[in-house]
Amino acid sequence: MKKTMNLKNIGAKTEPWLREIGIQGYDDLNQLGSVEAYRRLKEKYPEKINLLALYALEAALWNIHWLELAPEVKEQLKREVSAGGPV
């Protein structure tokens, strides 16, 4: 069994999905970025991934709960995602 990623906000259901898109832990997520990771997850699992996943991914990089993300950070993330196509 693989070691858990130990990323805040990332649960047992999401971890395998992240591994499928090449994210094995914090360093991979940090290098790829939360927006690109979200886009890849959304493309692979369109019915299961929503904006909360984007917030969770970004908050994982800050090691905070996603509810602690400032509203302006959430707005910036949404702008970055929508610049690349539908959310």
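Sequence positions, counted from 1, serve as the residue numbers for this chain.
Salt bridge E36/R40: present, at least one basic N to carboxylate O contact under 4.0 Å.
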Please evaluate residues N6 and Y26 with respect to the criterion side-chain contact (heavy atoms from CB on, under 4.5 Å), reporting the C-alpha separation (whole Å), side-chain torsions for both, the decisive distance (0.1 Å), and the verdict. CA-CA 8 Å; N6 228 12; Y26 178 88; over 6 Å; no
Apply the test side-chain contact (heavy atoms from CB on, under 4.5 Å) to residues V73 and L77: give CA-CA distance (whole Å), side-chain angles for both, the deciding distance (0.1 Å), then the verdict. CA-CA 6 Å; V73 172; L77 289 168; 4.1 Å; yes
Go through it in stages, so that I can follow the logic: the residues are R19 and M5, the test is side-chain contact (heavy atoms from CB on, under 4.5 Å), and I'd like the CA-CA distance, side-chain angles, deciding distance and then a yes or no. CA-CA 10 Å; R19 291 187 198 284; M5 290 184 191; 3.6 Å; yes
Listed pairs under 3.5 Å, donor-acceptor, residues 51-69 side chains, sequence neighbours left out:
residue : atom : partner : partner atom : Å
E58     : OE1  : S34     : OG           : 2.5
E58     : OE2  : W62     : NE1          : 2.7
H65     : ND1  : L67     : N            : 3.0
E68     : OE2  : H65     : N            : 3.1

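Between the side chains of Q76 and E80, at least one donor N or O sits under 3.5 Å from an acceptor N or O.
Between the NZ atom in K44 and the CD1 atom in I21 there is a gap of 9.0 Å [rounded to 0.5 Å].
Scored by the side-chain hydrogen bond (donor to acceptor under 3.5 Å, both in side chains) test, Y45 finds E20 as partners (sequence neighbours excluded). Under the side-chain hydrogen bond (donor to acceptor under 3.5 Å, both in side chains) criterion, E75 pairs with K78, sequence neighbours left out.
When all heavy atoms of A37 and I23 are compared, the closest pair comes out as CB-CD1, 3.6 Å.
Judged by distance alone, the side chain of D28 and the main-chain N or O of Q24 form a donor-acceptor pair under 3.5 Å.
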